[in-house]
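Beneath this line is the structure, given in structure tokens, with notes to follow.
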Amino acid sequence: MIKFALKNIKSKPLRVAGTVLSIAVVVAMIFCMLSFKNAVYEFIYASETASAGSSDIVILTKSDSDRITNVSAPLINIDGIEEIVPSMSVYAVLNGEYIQIRGYEDGKTESLQKINYIEKDTGNMNSDSVIISSSCAEHFSLSIGDRIALTLGSNSASFYVYGIAENSGYFLSDSPFQFVGRNNQVAKLASGTAAEGICNAIYIKVSPDADTESVMESIKAIEAYRDLSVEIAKDEKYIEEQTNSLTAPVVLSGAAVMALGIVFIAILFMMTSKEKVRLVAKYKAAGATNRQVLTMFVAENIIIAALGAVIGSLLSVGLFVAILKLTLSSLTVFSVNALKLFGAAAIGFIVSMAASLVPALKAFKGTVRENQISTERTSGAGILIPVIAVILTVISVIIEFLIESVTAVFAVVTMALALLSLGICVGYILRLTGKLLIKSSSPSLKYASAGISREKRFTKSVTLLSVGMTVSMMLFMAWSLTTQIFDGYIDNFKNMIFISNIQASQDIDEIREQDLVKGATKMVWDKGTLKTDDVQKNINILGSKDVLDMLDFKYISSENDVKAAVSSAQPYVIVDIAMQKLYGVKVGDSIKLTVQGIEKDVIIGGILQHELFSGNYVIISSEILESVFGIKADTILVVSSGDTSQCANNLRTAFSKDNYFVVEVLEAFKWERSSMDAVFSMIGTIAIVVALFIFVVTVTSSLIGRSSASKERSAMLAAGMSKGTLLKTELIQYAVTALISFIISFAVSVLLTSSLIHALRLFGLYFEFMYEAWVVAVSGIVMAVLYSLVPVAMNFKKEYNIRKL
Amino acid sequence: MRRLTKVTSLVLVVLLLVTAAFSLVACNKNKKKGEPDHRAEYCDSLESAILSGLNSDWGKDMNDNQVAVLSSSGNYIVTSAWVKLICDTVEESSLQSAKIKVFADFLGSDEGKAMLSNFSDNSSSLLDLLYQVDFTAEDISSLIYGFVYKTVDKSEEMMDGIINRISDVKTNNFATPESISNLTIYLTNVNKSRTQFVPNAAEKSLMLDALKKAESGISDIVKFAYGISLDSITDNILSVITSEDGALSDVTDAEIKTILSAVASNAASLKSSLTKEETGNINEALNLIINKFDTTSSSSLVFAQIVTYSKYAYMIVDAVPEICDVLGAFARNIDDSIIGAFRTILTEVNNYDEKTSNLDLMIVNGSVGLSKLISKMSNELGKDGINNIVQSLYEKSDSHDYQKTTPIYIADMIANFDSVLKNLLAGSEDFVTKHPEIISKDMFIRIINITVSLRSSLNKFKAAYYEDVINGEKTFSKSSMLATRSFSDIVNNPYNVAYQPELWYSTYVNGVTSYLTEYSEKYLDDVKLDLEKFVEEYFESGSQIKNSTEKLAKMDILPDNAPLATIEEYKQYAEKSGLYSYSTMLLVLLAM
């Protein structure tokens, strides 16, 4: 029987190749979806920790502390500290652009991050040597040995390019461009004195067996650091939250992709079900037992499934890593989770095996004769199933939209049911369409419609194509949503400027008096943590009540109440409607707010709505921050009345002596978003690649199904039908299939998008409904058109194989 | 068969596409090719800039015909050989190429030419010149070390080259009488230098070996000296304190403390890097250099200055650990009140106006600042700690080498400064040291002489003598004048400079050296005793000095409108503690 199995494989090499390829592609798709979130986490982790590197704790100066510090003797003597890496970091200007220069002590330049040199000067680093990234070198047209004059306020210092490095490590977060040098020369730039030991950040590595929290407490007890900020160098919780936010839409869509993959494999094998049933009949007629037949099927399909799983594994790793390197970073090391790889391969293998045995098991139920003439018993429950599916979907939709407490959960249920209903119903719709089109007077259309309504392969193809198209549309919508979520609010800031590195004592009226300044407010711009009974969430602190007049908030609570609360002497905070929808908080609730390590009880004073930070913000007055938290303003937000760039330049010039860091908000966000942009690219690439895979698998399945009808086509040609007519017929069949798929998918995509947005609440994201019809339409139309042209591609030579009947 | 071909083709096409895709990703490494290195070109520019800066008629790579017509042809040949050696050192060093270009451009500018001119007539130092172009301490140490090493290694080759060239140019058809005369003088001098200056094979091997062993230690010393020189500390701290702009505008007391601590800590870290073995290597190398090259003319001002720096380094290298201990105590004891006091003082110095400023008030405030610091430091170091420092300085003073006694003698001079100044200010020429029974007036004068003036005179005498030699002076007028003024009381020189200049010269040098050695040895024990007595007096029970110091330390800096009576009261404490004089000295130094 093994020989029979091998003979079967050899007799249809193209089909076997197609099946193996499809299984491999599905395995790759499943692996991509399983690994996507982890890859994004690793990338965000590397970007966010670019400066902290391998350190665990960082001591930083603040706006109301000394601007410089040094490593004190008590710090060196703390138990549990493995290494201390002081650093002097300032923003300086090169050729009119801000750059960040970071200096380390001699011999400690690579203590936190390894520098991967592309090229390097001879000898050791001098105190005025700097290392830059290759993208920085390209941007400023710098080469090894070039002299750079950096200015900071009225100070300037010369540096020389010692090394050009890959965009990894420190340079992964290269926006603004990072320069790495020695701290004494950076200190000279900042203070005029080139002495070792002056720093404004101290990175600390904790011994593996020491407790980081207790080391932090010991540091905070040292007099020299009492006024400074002592915090964890790498906020893994924040990174995780950021990853969840970025990946949520794709993760949700990914579940559908994985389910689709499984369905694909199943349908792939069922395409040739009829043929296999007849084959079983032949063997049984020749005297083979059930066991022998089963052995043959198992042997044949083990080979196909195993090949598909193995090739799929190789393709998964290569393809996924290629996508990561092209979009996220060519230099971050991404781990390949062997378990997920095995899981994806195992799913592919198991589903393939199971699906491949269905025809055999089906054949065992019937007699040899029944199997040979392929009598199909119609199920009485035929129409009932789609009806039930639709009803269930409708019920789920109603619950989702009406009962807010379970909206998120039922959104997932709705998505699953909607896809299921789509898959079940679209075949019927195609057959119905076929039956309607039979009434046409055109012979080609008649013949084509007859085929559509009669042949099961079209039902399977339309199911595959519709579900595949819908899932692709979902992926593209997820891409569009992700970009919209994180980009949508940025335009609100286009006429705004940040001034940071300020001293808390800066007189705000001096800023307001400058040209082109419409308004300005001193505020705390920081990150914090909000804690209720049920949830702890990282949020962005907007520490000034003036922000209410600067941005266009929608008032859910009354405007008067909100403004009264934020001006009050009580510790009121204003939150976004997202908090209310997600966690059920309401006005008057007491929650805990932690800012710069200080936790206090605050009261919710009002609810607003804005896309700002996807709703992850609180507004609190700077006066309350100072009186209750002891935190002073560290930033000034300026609104310009005219040319924002010119306003920023004016401010830079006016306050150059103070070394304030003046940057347009859009520019600052661009720096913050540089890592997100890479993630957006990745999502887009995955969407395109997966859509392509879906399309390839769909087409392959169709072709496999088509190949089983080759005798029929040959018979038609032999009977006198012209090749042109046959081609036209096939075109109509594929076009109708594609059209039905597109229409149904487009309609369902609206519901799916709405449910997707609701389901994001499971990830702590709240949004109003948004839908980019053009994204959906384009992706659908492209797939539909390409699918329609498959017959043309297959028969471009207009050669039909006339098989001897 | 056809089907098989189709399948095979399909598989191959897919494989090709996949491979191409991965290759594109895998091989996407941008290798940035550097610009062609212009280092040699920059060094050539540097050489041209130096030569033309020294003399507008000079240039790089002048051929014999061009040299022969110069009136300073001999000078040109010698100087250009040294300049070539310097530029070769620069080219082989780790100095960034861009810096060489900056240096060359600077020396080619008017400002650079003026500085070169000052340097060539000894009115400014080598370090002043290098400081102008933002060279770091590492650059300086690398260049100085490299130049010394190369000189020892290549001096013979260089000297032979000079001699051969001078001989060739002398016989050149275009040589003018003036040129020939200049060449003849230089040939004579270089031949003399050749025998004295160029080390023999054994000396060379010894020196190169010693230099290699001492490389890291010499580098640390040079970096320390360059980077933490008094000028740079006060200039930088003053500019930070008084600056109204920059990253540390309106600098706080705590921030100044951070800067001062960092500066002092840098010095303290030198102590750990200078082990006993390291110090021994440095001493050996410096000793060899000084012994070989101090008594001869190198005909290179650069080398001569380096030898001078080597002598300074040789004097203090053993005392570096003690200096670092003091600086470390300084860093640990700076607090906000001390910073505030010195901040006020520095601001007063910066804003000094002859007509409106109250000098007495400034000195009194200076005393308050000093008292705060000294009170804390002395409490930390304690009597035993300070005595240990004195003992250490004493033990490291080699009585057979007058240079090694410098640190302990300077310490005693500073300790006696108050007594001396008080008497001098009182108009009395019969000043008294603090402990005349240990250090008499004559002894003290002699100590100043052997530590400062006589040594300086000796160095000037040597330089003047070789300048006279180079200029072909028959009467050696410059060096004679110096010798008469400075050495006639000490050395009886029977030789006539006009007839036996070399013997005349060596008699003075050997005589003064013997004198220095004799008196350094003679007074060493007394100086130690004197210092110990100072310590004793400070720490003894009921000590007036200590009590006055601590009383002053508890007082606040006086404002501009302080009543005269208060200023007078403070002044009394300042005088009793002896800090009034030191405050005066400090203000003078800060004003400089």
Side-chain angles (χ1 to χ4, degrees), chain A residues 13-14 17 21 66-70 72-73 90 118-119 121-124 126-129 134 137-138 143-147 152-155 157-158 160-162 164 166 184-185 187-198 224 315 318-319 321-322 325-326 330 501 503 656-659, chain B residues 3-4 6-7 10-11 14 18 21-22 24-26 28-35 37-39 93-99 101-102 134 136-139 142 227-228 232-233 235-237 239-240 243-252 254-255 258-263 265-266 269 332:
Chain A
L14 265 177
L21 192 66
D66 291 340
R67 288 161 290 187
I68 51 173
T69 183
N70 55 10
S72 68
V90 295
I118 294 173
E119 51 176 327
D121 208 344
T122 52
N124 297 323
N126 264 0
S127 51
D128 57 359
S129 299
S134 53
E138 205 177 306
S143 312
I144 298 293
D146 281 354
R147 182 168 177 254
L152 199 164
S154 54
N155 281 343
S158 297
Y160 294 82
V161 178
Y162 169 80
I164 296 174
E166 292 174 341
N184 52 355
Q185 194 74 351
K188 186 179 177 183
L189 181 62
S191 69
T193 304
E196 288 269 355
I198 297 174
L315 185 65
L319 182 73
V321 172
K325 294 228 176 267
L326 280 171
S330 61
N501 209 38
Q503 285 296 96
S656 62
K657 65 178 179 61
D658 299 300
N659 188 37
Chain B
R3 181 168 283 182
L4 190 62
K6 260 189 173 176
V7 169
L10 180 67
V11 166
V14 167
V18 166
F22 287 127
L24 189 70
V25 172
N28 186 25
K29 281 194 183 291
N30 290 321
K31 285 266 180 229
K32 189 171 169 61
K33 294 280 174 237
E35 298 263 335
D37 190 13
H38 297 285
R39 194 178 182 81
S93 73
S94 58
L95 196 67
Q96 292 101 328
S97 302
K99 267 190 194 168
K101 184 176 184 309
V102 166
D134 234 7
T136 64
E138 292 110 329
D139 296 331
S142 150
I228 316 294
S232 76
I233 291 176
D235 283 351
N236 288 333
I237 303 303
S239 73
V240 167
S243 176
E244 288 175 354
D245 55 19
L248 291 182
S249 58
D250 300 325
V251 64
T252 64
E255 287 168 347
T258 302
I259 295 171
L260 284 172
S261 297
V263 169
S265 297
N266 290 173
S269 70
R332 283 188 296 277

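This structure is a prediction, so every number in the text was calculated from the model and none was measured. Below, read A as the first sequence line, B as the second, and so on, with proteins coming before strands; counting in each chain starts at 1.
For B:Lys101, no part lies under 4.5 angstrom from a heavy atom of chain A. Heavy atoms closer than 4.5 Å to chain B are found in the side chain of A:Asp121, but not in its backbone. When heavy atoms are compared at a cutoff of 4.5 Å, A:Thr69 approaches chain B solely by way of its backbone atoms N, CA, C and O.
Ranked by heavy-atom pairs shorter than 4.5 Å toward chain B, the options A:Val161, A:Asn126, A:Asn70 are led by A:Asn126.
Between A:Ser129 and B:Gln96, some side-chain heavy-atom pair lies under the 4.5 Å cut-off. With a 4.5 Å cut-off on side-chain heavy atoms, B:Val102 and A:Tyr160 count as touching.
Residue B:Ala98 comes nearest to A:Gly145 through the heavy atom pair CB-O, 2.7 Å, listed as atom of the first residue, atom of the second, then distance.
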